[in-house]
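Working notes for the structure below.
Below, read A as the first sequence line, B as the second, and so on, with proteins coming before strands; counting in each chain starts at 1. None of these values were measured; they are calculated from a predicted model.
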Amino acid sequence: MKKIIALDIETTGLNPRKDKIHGVGVAKSVTEVDYLDVNHNGLREYLANPENHIVGHNIRFDLKFLIHAGVTINCNIWDTKLLAQLLNENQELGLKPLSQKYFGSSALDNKRELDRAVSSINGRSVADLCLRDLEDESEPFYHIISKYCMEDCVNTLRLWTMLIDELKRGHNKMLQAGYTNTPLTYYMEETMPLEKVLIQMELQGIRIDVEQLRKYRDVLQSENKQMLAEMSLLAGKQINSIEEELYAKVIATKKTDKGKANVLKRSEKHGTKFNWQSSDHIATLIFDRFGIPISSVEKTETGKPSTSESSLEDLHNSLEPEHLLKRILGTYKTWKKTLKLITTYTGEDKGLMSQIEGDRVYAEYLQAGRGKEGTTGGTVTGRLSSRNPNMQNLPRGSEIKKFFVPDPGHIFVYFDYSQLELRLAAHLSQDPLLIRAYKENLDLHEITGQAIGADRQTGKSTNFAMIYDASAWRLADMLNKSVEECQLIIEDFYKLYKGYRQYLWDQRKFIMRFGCVVSETGRLRRLPGIFEHPERTKEWRHALKQGYNFPIQSLGASITKRAMIELANRNMKIVTQVHDSVVVSLPEDKLDKVPEIQHIAENIYPVSVPLKVDIKLLTSLSESDIIQKQEDKNEQQCSNDRTNQARG
DNA sequence: AGAATGGGCGCC
DNA sequence: TGGGCGCCCATTCT
């Protein structure tokens, strides 16, 4: 590659719409470094030229600020953080840890001076320094900020040189071994092109019907209040007793110096009140005051009795109808669901509500972990993750999705891949029956169901369990059958899909030999647990399952992402993505584009079976749930028809 | 007082 | 005792 410039900006905060750019650092080489004003002419010309190249560490952050400030970005963009993740998804991805790893501690030359400056203004970060510097005309911190920024630029540039070289060496090795797709091709064809799409998505955000959301908040809150009163009344006696115990504990702890500060602080918030939001308190209520034996319920990771919904559901079912606890648990379950909605979505000053700017939210979509120092983070399979808010776990069928609406004059085009991962299991395994089922548009769930002597629903669960290599124990739990029965089901399953069984054997052989897996699009996943732990230990089995699942999940992620890239290349605005579904915002007078979108999605990547895409127009995100339900019904109907035909 | 961990739960 | 995520709260650690 020709000349490349490393770029890093310093800002007064993390929000490209609210915070200001302090300056732009650029490094042409390790000795030619500058810290420029955002309006610098030469800089603007460079970035506007499609022949130029820039690299940054998490460059999306910088570009969102620059674009918002009116800077045109037409040059090619590269990212050392995303590159580092492809080299090793288990390593720390921050600029500092990577610099440390690749060229030692010189990366921290200016750290001490910076820390001194930050603490001198009682600040927490360089952002505080930038803010103070911009506000104060005497600019007392400019030289510190610029020095720090330029150092980051140099480190990014050095890192780029070393990382891209390592990626190319790996690429050549894999080519010799017969691969056509490698982490290098993945980076060039998928990761970096997607960055431009994500920048557009994040800058655009999504509109919220704030008025309706507020109305819904009031409904939830009054419901919740009522339920809380009901529960507190029912459990009044037990709660009193627990509160006495809590009070005694506070008194006892107060007498020790150590406990003083903590207990007093907590007392300000909850006092010695029973807290329905505390799983500890709930456990005390159920297992101590109501005397439910802890042997009868599921245990948590640390061996304590679980108060999870499924655990309490079992308990609820086992109680006599007029048992007091049964009535409490009934209300508690609903109360907790409502509370979750309130805290995550409708509560003022937290969750979704606190993230609304005007009438929009601006979610982030991560390709790699944010890399807080000490953590690895990241989406190891190549899926995206979303946050602030997380658009990928909005509750299905709840009111919440109704409040996410298109811009005026626009409509949401929603599409999703039908049974994407099962189709990819067919493609990757080349199992004859799986392939035939999808080529001839047969109902796979029905086929499996019949083969194991069960209904369609059981067939469906079994099919999905297969992708995850579920145990008989787990399947039994899912299907409400005995473990022995499920062992037979699994045997029957693999007799039917011999090709898939062979595929798993081959996968296992590969994993045991190399301790890693490769996706068809060239993404790698190392499985250190394979060599670090003896066979058949818990950790080893976990790593093996990760290895089985990776090629399927990763290829699915690639396909959706590549569809997004192609759509964006054709000027379509993508609003959000949930792994196998995408929402595009289309002007109302451009609906002729809908068949084009579907065609692109279905044909973006060639596999051995047809990919099926369902596509619909929506006026809010909530309708995607309705569609999903309808699809299920349609499938059922088809299978009934076919069964009836067979009978007739 | 803030960071880290655990429990729990939402999604594909 | 399927895989992959993020976020809330309470609690403990430092």
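- Remark: the backbone N or O of Ile452(A) is not paired with any side-chain donor or acceptor of Asp492(A) at under 3.5 angstrom.
- Thr307(A) comes within 4.0 angstrom of sugar-phosphate atoms only, judged by non-hydrogen atoms across all strands, and of no base.
- Mapping Asn388(A) and Thr381(A) onto DNA chain C via the closest heavy atom, the residue that lands nearer the 5' end is Thr381(A).
- Residue contacts shown for Gln553(A) include a base, since a base heavy atom lies under 4.0 Å away.
- The side chain of Tyr468(A) has dG3(C) as its nearest neighbour among dG3(C), dC9(B), dC5(C).
- What separates CG of Leu339(A) from C1' of dC7(C) is a distance of 13 Å, to the nearest Å.
- In terms of modelled atom types and a separation under 3.5 Å, the side chain of Ser429(A) and the main chain of Tyr503(A) share no donor-acceptor contact.
- In terms of polar N and O atoms assigned as donor or acceptor, the side chain of Lys340(A) comes within less than 3.5 Å of the base of dC9(B) in a complementary pairing.
- Among the nucleotides dG4(C), dG8(B), dG7(B), the one closest to any side-chain atom of Ser308(A) is dG8(B).
- If you take CE of Met391(A) and C1' of dC12(B), they are 15 Å apart, rounded to a whole angstrom.
- Distances shown here put every side-chain N or O of Thr379(A) at or beyond 4.0 Å from the OP1 or OP2 atom of dC5(C).
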Show every donor-acceptor pair shorter than 3.5 Å between a side-chain atom in residues 554-564 of chain A and any protein atom, with sequence neighbours excluded, or say none if there are none.
| unit_1 | atom_1 | unit_2 | atom_2 | d |
| --- | --- | --- | --- | --- |
| Ser554(A) | OG | Thr381(A) | O | 2.9 |
| Ser558(A) | OG | Glu190(A) | OE1 | 3.1 |
| Ser558(A) | OG | Glu190(A) | OE2 | 2.9 |
| Ser558(A) | OG | Thr521(A) | OG1 | 2.8 |
| Ser558(A) | OG | Ser554(A) | O | 3.3 |
| Thr560(A) | OG1 | Gly556(A) | O | 3.2 |
| Thr560(A) | OG1 | His579(A) | O | 2.8 |
| Lys561(A) | NZ | Tyr186(A) | OH | 2.9 |
| Lys561(A) | NZ | Glu190(A) | OE2 | 3.1 |
| Lys561(A) | NZ | Gly382(A) | O | 2.8 |
| Arg562(A) | NE | Glu190(A) | OE1 | 2.7 |
| Arg562(A) | NH2 | Glu190(A) | OE1 | 2.9 |

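- No engagement by Gly556(A) is indicated, since no non-hydrogen atom pair under 4.0 Å with the nucleic acid exists.
- In this structure, Phe464(A) has its ring center closer than 6.0 angstrom to the ring center of His445(A).
- Ion pair Glu309(A)/Lys337(A) flagged as a salt bridge, since at least one NZ, NE, NH1 or NH2 atom sits closer than 4.0 Å to an Asp/Glu carboxylate oxygen.
- Counting atom types as modelled, Arg383(A) pairs a side-chain N or O with a base atom of dC12(B) as donor and acceptor under 3.5 Å.
- Rounded to whole angstrom, the span from the CG atom of Asp349(A) across to the P atom of dC8(C) amounts to 13 Å.
- A salt bridge links Glu202(A) with Arg60(A): at least one charged nitrogen is closer than 4.0 Å to a carboxylate oxygen.
- Closest approach to the Val578(A) side chain among dC12(B), dC5(C), dG3(C) is made by dC12(B) (side chain taken as heavy atoms from C-beta onward).
- Counting atom types as modelled, Asn393(A) pairs a side-chain N or O with a base atom of dG10(B) as donor and acceptor under 3.5 Å.
- Rounded to whole Å, the distance from CG on Leu352(A) to P on dC8(C) is 10 Å.
- Considering only side-chain N and O atoms, Arg396(A) lies under 4.0 angstrom from the phosphate OP1 or OP2 of dC12(B).
- In the set dC9(C), dG2(C), dG10(B), dG2(C) carries the atom at the smallest distance from any side-chain atom of Ala470(A).
- Computed from coordinates, the Ile286(A) CD1 to dG7(B) P distance equals 16 Å when rounded to whole Å.
- Between the OH atom of Tyr365(A) and the P atom of dG6(C) there is a distance of 13 Å, rounded to whole Å.
- Under 4.0 angstrom from either OP1 or OP2 of dC8(C) there lies no side-chain N or O belonging to Gln277(A).
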Which dot-bracket string fits DNA chain C when only Watson-Crick or G-U wobble pairs with both atom distances under 3.5 Å count, crossing pairs get [ ], and | stands for a partner on a different strand? ..||||||||||||

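- Under a 3.5 Å cut-off, the side chain of Gln91(A) and the backbone N or O of Ala84(A) do form a donor-acceptor pair.
- When the nucleotides dC7(C), dG8(B), dG7(B) are ranked by their closest atom to the side chain of Thr302(A), dG7(B) comes out on top.
- The Val380(A) side chain lies nearest to dC5(C) when the options are dC5(C), dG7(B), dG6(C).
- Comparing dG3(C), dG2(C), dG6(C) by their closest approach to the side chain of Ser385(A) singles out dG6(C).
- As a whole-Å value, the separation of Asp580(A) CG from dC5(C) P is 16 Å.
- Distance from the side chain of Lys545(A) is smallest for dG2(C) among the nucleotides dG6(C), dG2(C), dG8(B).
- Phosphate contact (OP1/OP2 of dC9(C), side-chain N/O of Lys336(A), threshold under 4.0 Å): absent.
- Syn is the glycosidic conformation of dG2(C), whose angle stays within 90° of 0.
- When the nucleotides dC9(B), dC9(C), dA10(C) are ranked by their closest atom to the side chain of Asn275(A), dA10(C) comes out on top.
- Among dT1(C), dG3(C), dC9(B), the nucleotide with an atom closest to any side-chain atom of His542(A) is dG3(C).
- Residue-level contact check: Ser306(A) touches the backbone only, with heavy atoms under 4.0 Å from sugar-phosphate atoms and none from bases.
- Residue Glu309(A) is in sugar-phosphate contact alone, with no base atom involved, counting any heavy-atom pair closer than 4.0 Å across all strands shown.
- Not one side-chain nitrogen or oxygen of Arg124(A) sits closer than 4.0 Å to the OP1 or OP2 atom of dG2(B).
- Salt-bridge formation is not detected for the pair Glu364(A)/Lys64(A): no Lys NZ or Arg NE/NH1/NH2 atom is positioned less than 4.0 Å from an Asp or Glu carboxylate oxygen.
- Although no hydrogens or angles enter the test, the distance criterion places a donor-acceptor pair under 3.5 Å between the side chain of Thr537(A) and the main chain of Pro534(A).
- For dT1(C), neither phosphate oxygen OP1 nor OP2 lies less than 4.0 angstrom from any side-chain nitrogen or oxygen of Ser471(A).
- A donor-acceptor pair under 3.5 Å is formed between the side chain of Glu623(A) and the backbone N or O of Ser620(A).
- Per the geometry, CG belonging to Leu394(A) stands 12 Å off P belonging to dC7(C), to the nearest Å.
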